[in-house]
Protein chains: 2
Amino acid sequence: MQAFERLCRERGVSLTIQRRNVLEALLDGKAHPTADELFADVENRIPGISRTTVYRVLDTLVELGVIGKVYQPGEAAFFDVNTHAHHHAACVLCNKIVDLEGALPNAPIPPDLKPHGFEITESHVFFRGICRDCRKKKPRPRGTAGTGSRCSRTKPSRPKNKSSSKKRTRP
Amino acid sequence: MQAFERLCRERGVSLTIQRRNVLEALLDGKAHPTADELFADVENRIPGISRTTVYRVLDTLVELGVIGKVYQPGEAAFFDVNTHAHHHAACVLCNKIVDLEGALPNAPIPPDLKPHGFEITESHVFFRGICRDCRKKKPRPRGTAGTGSRCSRTKPSRPKNKSSSKKRTRP
DNA sequence: CGCCAAATGCAATCGTGTGTCATTTGTGAA
DNA sequence: TTCACAAATGACACACGATTGCATTTGGCG
């Protein structure tokens, strides 16, 4: 965190409360939050903060190299304070993300291989599957919409249109 | 193509002109088209076809195992008639996609590795970098928005709202 | 303090799809 | 060949993640 403040000064990046709080939320919140999860968290710290700002702050943090951004196949990207190279796997049932720290037997990334004269600069490796918990608890649910038990994720979705009857059209 | 017709009959899937044409577009169009690029292509073959249909047909073809769907990190997914296992790399400058057919020295996918009791069912491996052409022609463009030369991609985007001066508010 | 580029807030918009439902069409049986 | 019906399609709205344009605020500096 002081490292972050130092880095900002070095790079001439303003130290705003928004940036501080987003980083704090990343540091003491859940492990692999999406932008929206972070937004929800940061809202508690800075009540009026804008979603856009959270997205932009996250971009900035990624650019600074403070955090990593991980793209999931169909889903929202998530962020990771662990910036050293590792891969992830997501559970298709509960969406939990697990780190694959050095758990891969053979190096998945050929870093400077140049097939077809192609110079690779980024590698994205991502797995999906079923986590241990879900494998244990759901032998074959079948039809029943698996009510109880954790392994849930609800999407509150965003405030919507809210259509405030304010014509608000810009000339 | 006859193989496709056979497969459809086997699986009880109707042989519609839409499906035929989407597959044809895939077979003789560009190598790694996105859904929208295919839609644009198929529109020339079946003028009134719906975007929704193209998306659904593509899903169907993937389910039939006729084509593969590849998720790019931040971008739109693309489709691939080459269904045998291989990976891809996208050029960050021109967006061209190249196949990495067996070019990887060490197996990138640990198919049934169970780290943390996790059972992996899907693997996504994707690279980004700079293709040979772009490496040759852009030593350091600097400011100039690299005008000529192939290595371009324009996004016509979809027909838009077309909003006929309607106030655009939902009741 | 006061300045000003940088950062933020806000609403609109975009891109990539998915859901709903009425209509059309392939397909197998008569 | 015609018929009936499930399957597929078309039209359109909506979902969701994310971005953009522009006015306003603010951090950092002299």
Side-chain angles (χ1 to χ4, degrees), chain A residues 5 8-22 33-40 42-43 46-63 69 71-79 153 155-164 166-171, chain B residues 5 8-22 33-40 42-43 46-63 69 71-79 155-163 166-171:
Chain A
E5 305 187 351
C8 284
R9 268 182 277 269
E10 268 172 34
R11 306 274 210 102
V13 169
S14 304
L15 264 162
T16 64
I17 16 173
Q18 288 86 349
R19 286 184 179 151
R20 262 186 243 269
N21 278 274
V22 169
T34 64
D36 265 11
E37 285 166 350
L38 276 167
F39 170 60
V42 178
E43 251 187 332
I46 311 174
I49 196 173
S50 155
R51 172 191 307 278
T52 313
T53 297
V54 173
Y55 275 92
R56 276 188 294 220
V57 166
L58 287 169
D59 279 352
T60 305
L61 294 179
V62 171
E63 249 169 65
K69 179 173 188 176
Y71 294 91
Q72 295 189 73
E75 308 287 315
F78 61 84
F79 297 86
R153 179 176 275 200
K155 292 240 178 185
S157 100
R158 87 171 103 160
K160 282 286 178 45
N161 220 340
K162 184 181 296 184
S163 64
S164 51
K166 284 287 192 175
K167 245 355 147 7
R168 206 80 278 292
T169 51
R170 250 199 329 108
Chain B
E5 306 188 348
C8 282
R9 268 181 277 271
E10 270 173 31
R11 307 276 209 99
V13 170
S14 303
L15 265 162
T16 64
I17 15 173
Q18 288 85 350
R19 286 182 181 153
R20 263 185 244 267
N21 279 274
V22 169
T34 65
D36 266 10
E37 285 166 349
L38 275 167
F39 170 59
V42 177
E43 250 187 333
I46 312 174
I49 195 172
S50 155
R51 266 168 37 86
T52 314
T53 298
V54 173
Y55 274 92
R56 276 188 295 222
V57 166
L58 287 169
D59 280 351
T60 306
L61 294 180
V62 171
E63 248 169 67
K69 180 175 189 174
Y71 292 91
Q72 293 190 73
E75 308 288 314
F78 62 83
F79 298 85
K155 291 241 175 186
S157 96
R158 85 170 105 163
K160 281 289 178 47
N161 220 343
K162 185 177 295 183
S163 67
K166 283 299 189 178
K167 223 23 126 5
R168 195 88 275 295
T169 51
R170 251 204 325 113

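Just so it is clear, the model here is predicted, and its values are computed rather than measured. In what follows, chains carry the letters A, B, and so on, assigned in the order in which the sequence lines appear, proteins first and then strands, with residues in each chain numbered from 1.
- Atom CD1 of A:Ile17 is separated from atom P of C:dA6 by 19 Å (rounded to the nearest Å).
- Interface remark: the B:Ser50 side chain does not form any donor-acceptor pair with the D:dC12 base, using a distance-only criterion of under 3.5 Å.
- Taking only side-chain atoms of A:Tyr55, from C-beta outward, the nucleotide of D:dG17, C:dG17, D:dT9 with the closest atom is D:dG17.
- Side-chain contact between A:Glu43 and A:Val54 is absent, with no heavy-atom pair separated by less than 4.5 Å.
- In this structure, B:Arg19 reaches the D:dA8 phosphate: one of its side-chain N or O atoms is under 4.0 Å from OP1 or OP2.
- Between B:Tyr71 and A:Val13, the residue whose closest nucleotide on DNA chain C is further toward the 5' end is A:Val13.
- Rounded to whole Å, the distance from CD on A:Glu43 to C1' on C:dG9 is 13 Å.
- If you take CG of B:Asp59 and P of D:dA7, they are 17 Å apart, rounded to a whole angstrom.
- The minimum heavy-atom distance linking A:Gln18 with A:Ile46 is given by the pair CA-CD1, 3.7 Å.
- Side-chain proximity of A:Ala77 to C:dG17, C:dA7, D:dA18: nearest is D:dA18.
- The interatomic distance linking B:Asn21 (CG) with D:dG10 (P) rounds to 11 Å, in whole Å.
- Rounded to an integer number of Å, the gap from CD1 of A:Ile49 to P of C:dA7 is 14 Å.
- Nearest to the side-chain atoms of B:Arg56 among the listed nucleotides D:dG17, C:dT20, C:dG17 stands C:dT20.
- In summary, of the residues considered (A:Val22, A:Asp36, A:Leu38), a side-chain contact (heavy atoms from CB on, under 4.5 Å) with A:Tyr55 occurs for A:Asp36 alone.
- Among the nucleotides D:dA8, C:dA11, D:dG10, the one closest to the side chain of B:Thr53 is D:dG10.
- Considering only side-chain N and O atoms, B:Thr16 lies under 4.0 angstrom from the phosphate OP1 or OP2 of D:dT9.
- Atom pair A:Glu63:CD and C:dA7:P shows a separation of 10 Å (rounding to whole Å applied).
- For B:Leu15, the listed nucleotide lying nearest its side chain is C:dT27; candidates were D:dT19, C:dT27, C:dT8.
- Rounded to the nearest 0.5 angstrom, B:Thr52 OG1 and B:Phe39 CZ are separated by 8.5 Å.
- The CG-P distance, from B:Asp36 to C:dT18, rounds to 12 Å in whole Å.
- Here B:Phe79 pairs with nothing under the ring pair (Phe, Tyr, Trp, His ring centres under 6.0 Å) rule; sequence neighbours left out.
- Taking 4.5 Å as the limit, some side-chain heavy atom of B:Lys69 sits within range of a side-chain heavy atom of B:Tyr71.
- Residue B:Gln18 has a polar side-chain atom (N or O) positioned under 4.0 Å from OP1 or OP2 of D:dG10.
- Backbone-only contact: B:Gly48 has heavy atoms under 4.0 Å from sugar-phosphate atoms and none from a base.
- A donor-acceptor contact under 3.5 Å links the side chain of B:Arg51 to the base of C:dG17.
- If you take CD1 of B:Ile46 and C1' of D:dG10, they are 12 Å apart, rounded to a whole angstrom.
- When distances are taken from the side chain of B:Thr52 to each of D:dC12, C:dG17, D:dG17, the shortest belongs to D:dC12.
- The residue among B:Arg20 and B:Phe78 whose nearest nucleotide of DNA chain C is located toward the 5' end is B:Phe78.
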